[in-house]
Engineer: 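Let me give you the structure first, and then I'll get to my questions.
Lettering follows sequence order; numbering is per chain, from 1. Values below: all heavy atoms of this structure, side chains included; hydrogens, waters and symmetry mates excluded.
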2 protein chains.
Amino acid sequence: MNNLDESLLANIPPFRKLQLGQIREILDCATPKRFEVGTSVFEEGLDADRFYLLLDGHIRVIRTTPDGEQVTALYISSGQLFGIAAALGRSQYPATALTADECLTLSWPTRLWQDFVTKYDGFATESYKVVGARVDEMNNRIVEMATQQVEQRVACALLRLVNQAGKKVSHGVEIDFPITRQNISEMTGTTLHTVSRLLSAWEKSGIVASERRKIVVTNPHQLVLLSGT
Amino acid sequence: MNNLDESLLANIPPFRKLQLGQIREILDCATPKRFEVGTSVFEEGLDADRFYLLLDGHIRVIRTTPDGEQVTALYISSGQLFGIAAALGRSQYPATALTADECLTLSWPTRLWQDFVTKYDGFATESYKVVGARVDEMNNRIVEMATQQVEQRVACALLRLVNQAGKKVSHGVEIDFPITRQNISEMTGTTLHTVSRLLSAWEKSGIVASERRKIVVTNPHQLVLLSGT
DNA sequence: CGCCGTCTTGACTCGCCTCAACCTCGGTGG
DNA sequence: CCACCGAGGTTGAGGCGAGTCAAGACGGCG
């Protein structure tokens, strides 16, 4: 029996409506785990034997093509469920989850998913809302990739990151985990070279300020204009 | 009270586990409707007041960009639920559903979704499986658009159509509803010109045979090779 | 200090979009 | 019955966005 604090879950949407006793039950069967930066939580194609809640850190969900290229499907920030293949009736994970920084997770065996859904009020509804949000994001990305130029796509990607994992700093909003040009190119279907050129240009215009593995958006408004939405 | 036949639903996955009496209940609150080709069943952004089952025909789900371009998110074939925004906790439709040919639908008020989920065994599970399949398809398209050239993407799109709406004919497999080069370009993020050139080339190599609004894949294997998967 | 991961920048190339002209087929109305 | 028209399709010419190739700088870590 582990001694996690109930406050961990109290503000996570899928658990918000629950009483302390129920949260206790849930925590008692949860397995906490810490992951180093750059390690995988689960991998594409493997049996989806557990589902996860990200307590702290950031996760990059990627798919790998037959010829070894990586494509980032989405980013997960803390407080979100992930690896919930069970919710959509799949028995394998459809993608690989890599830690973008140091991460803290809770996880449960997949067979408990059904229990949670039936036993805990609001759990299903709230969980499916996050699925809905992700479907929406994927839809938007498809539209972007189909209609927009690289510059606009990269701008959109940066804005998404800022919204999902932005931290206010003195000169703007910083993306709150280490991120490389390569990472951004994998989100937008382009090359690290092109991303580098774009960021250089934007830095000259005062839209962003970046260092190695670090990006601060200093003029979000201008970025929105570039994104063409 | 309408007099639809129970056999309509008996073989649709979400209803398969139900008893005749339950199917009767469901049919009794369903509204059947016929749509002409090229009309919209529901539109992006409107309140998702109903959810649908496609009994016959084919539906094109599209999103429109701010500047009027259309992007096809997916195709729905008969026997599938669609417009199930409710399942993911959304109150508006995220896309527009256009009929690709003449269509027959059943629909129910969205407020019944919850009833169905709680009352009918297997309904939730099977419904979420179709969501899972669509998420999977979207994921694949994102990977394609991010990594593959136009020719491969168009090949993939054709193969998907053949799998989802293929009809065996003497010389191959025909896509079972009217489809234009423009439609294909909207699925793949390219232009009708490029699609036309590709189809012409493929016709010369004996991979497809096409007429106006009609495409027959005569050599699927070759197409798979081109698709690069 | 040397190595590796990250980032930058120039030069070249080419896939595909754009622009443009024209063809074919069906439907419609005079 | 035929002229007309619009939707769908084809094909060529040309240009540009962005990928590829290449070389090197910078910073951190063992």
Side-chain angles (χ1 to χ4, degrees), chain A residues 36-39 60 65 67-71 98 100-101 144-158 175 177-205 208-216 226 228, chain B residues 36-38 60 65 67-72 98 100-101 144-158 175 177-205 208-216 226 228:
Chain A
E36 293 289 343
V37 49
T39 56
R60 198 192 321 283
T65 64
D67 46 286
E69 266 186 294
Q70 296 189 346
V71 177
L98 288 184
D101 48 11
E144 273 170 33
M145 308 246 296
T147 61
Q148 305 197 300
Q149 311 256 97
V150 167
E151 180 169 35
Q152 303 177 298
R153 300 208 303 267
V154 174
C156 288
L158 266 193
I175 294 169
F177 55 86
I179 185 163
T180 67
R181 325 280 142 152
Q182 172 86 28
N183 292 332
I184 295 179
S185 75
E186 284 164 0
M187 302 174 64
T188 50
T190 178
T191 61
L192 75 156
H193 308 278
T194 300
V195 172
S196 176
R197 282 184 241 269
L198 285 172
L199 287 181
S200 295
W202 292 347
E203 184 125 25
K204 281 204 185 75
S205 346
V208 304
S210 73
E211 298 164 32
R212 118 184 304 235
R213 296 168 147 272
K214 178 178 152 184
I215 297 178
V216 182
L226 279 176
Chain B
E36 293 289 344
V37 49
R60 200 193 319 283
T65 63
D67 46 284
E69 268 185 292
Q70 295 189 347
V71 178
T72 300
L98 288 184
D101 48 11
E144 273 171 33
M145 307 245 298
T147 62
Q148 305 196 300
Q149 310 257 101
V150 167
E151 180 169 37
Q152 303 176 297
R153 299 208 304 268
V154 174
C156 288
L158 267 193
I175 294 170
F177 55 87
I179 184 163
T180 66
R181 326 278 141 153
Q182 172 86 28
N183 292 332
I184 295 180
S185 76
E186 283 164 0
M187 303 175 63
T188 50
T190 178
T191 61
L192 75 156
H193 307 278
T194 300
V195 173
S196 176
R197 283 183 239 268
L198 285 171
L199 287 181
S200 295
W202 292 347
E203 184 126 26
K204 282 204 185 75
S205 343
V208 303
S210 73
E211 298 165 31
R212 124 185 299 237
R213 296 167 147 273
K214 178 178 154 185
I215 298 178
V216 182
L226 280 176

Engineer: Are Thr191(A) and dG19(D) close enough that a side-chain N or O sits under 4.0 Å from OP1 or OP2?
Structural biologist: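 So the side chain of Thr191(A) is within the cut-off, an N or O lying under 4.0 Å from OP1 or OP2 of dG19(D).
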Engineer: Side chains of Val150(A) and Thr188(A): does their closest heavy-atom pair fall under 4.5 Å?
Structural biologist: no
Engineer: Round to a whole Å and report the spacing from CZ of Arg197(B) to C1' of dA21(C).
Structural biologist: 13 Å
Engineer: Has the side chain of Glu186(B) got a donor or acceptor atom that lies under 3.5 Å from a matching backbone atom of Asn183(B)?
Structural biologist: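 Looks like no, no N/O pair under 3.5 Å.
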Engineer: Would you mind reading off the distance between Leu199(A) atom CG and dC26(D) atom P, rounded to a whole angstrom?
Structural biologist: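 It works out to 19 Å between those atoms.
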Engineer: Rounded to whole angstroms, how far apart are CH2 on Trp202(B) and C1' on dG9(D)?
Structural biologist: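 Roughly 16 Å, once rounded to whole Å.
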Engineer: In this structure, how many angstroms lie between the P atom of dG19(D) and the CD atom of Gln152(B), rounded?
Structural biologist: 15 Å
Engineer: For Thr194(A) and for Gly189(B), locate the closest nucleotide of DNA chain C by heavy-atom distance; then report the residue assigned to the nucleotide nearer the 5' terminus.
Structural biologist: Thr194(A)
Engineer: Does a side-chain heavy-atom distance below 4.5 Å link Thr180(A) with Leu192(A)?
Structural biologist: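 In short, these two side chains do not touch, never coming nearer than 4.5 Å.
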Engineer: Report yes or no: does Arg153(A) contribute a side-chain atom to a donor-acceptor pair with the main-chain N or O of Glu144(A) at less than 3.5 Å?
Structural biologist: no
Engineer: For Leu192(B) and dA20(C), what is the distance between atoms CG and C1' respectively, to the nearest whole Å?
Structural biologist: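 Going from Leu192(B) (CG) to dA20(C) (C1'), I get 13 Å.
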Engineer: Tell me: CE of Met145(B) to C1' of dC16(C), nearest whole Å?
Structural biologist: 15 Å
Engineer: Within the structure shown, what part of the strands sits under 4.0 Å from Ser210(A) by heavy-atom distance: base, sugar-phosphate, or nothing?
Structural biologist: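 Touches nothing.
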Engineer: For the pair made of CD in Gln149(B) and C1' in dG19(D), what is the distance, rounded to whole Å?
Structural biologist: 9 Å
Engineer: Between Ser200(B) and dT11(D), is there a contact of a side-chain N or O with OP1 or OP2 at under 4.0 Å?
Structural biologist: yes
Engineer: Counting just side-chain N and O atoms, does Ser196(B) come under 4.0 Å of either OP1 or OP2 of dG9(D)?
Structural biologist: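 For dG9(D), OP1/OP2 do not have a side-chain N/O of Ser196(B) under 4.0 Å.
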Engineer: Please tell me if Thr190(A) has a side-chain N or O lying less than 4.0 Å from either OP1 or OP2 of dG19(D).
Structural biologist: yes
Engineer: Atom CD of Glu211(B) to atom C1' of dG26(C): distance rounded to whole Å?
Structural biologist: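 Rounded to the whole Å, the gap is 14 Å.
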Engineer: Regarding dG5(C), can its base be found pairing with the side chain of Arg212(A) as donor and acceptor, where the two atoms are less than 3.5 Å apart?
Structural biologist: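 By the distance-only test, yes, there is a pair.
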Engineer: Side chain of His193(A) only, heavy atoms from C-beta on: which candidate in dC17(C), dT9(C), dT10(D) is closest?
Structural biologist: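 Between dC17(C), dT9(C), dT10(D), the one nearest the side chain of His193(A) would be dT9(C).
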Engineer: Decide yes or no for Ile175(B) and Leu158(B): does some side-chain heavy atom of the first lie under 4.5 Å from some side-chain heavy atom of the second?
Structural biologist: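 The answer is yes, as the side chains (C-beta and beyond) meet within the 4.5 Å cut-off.
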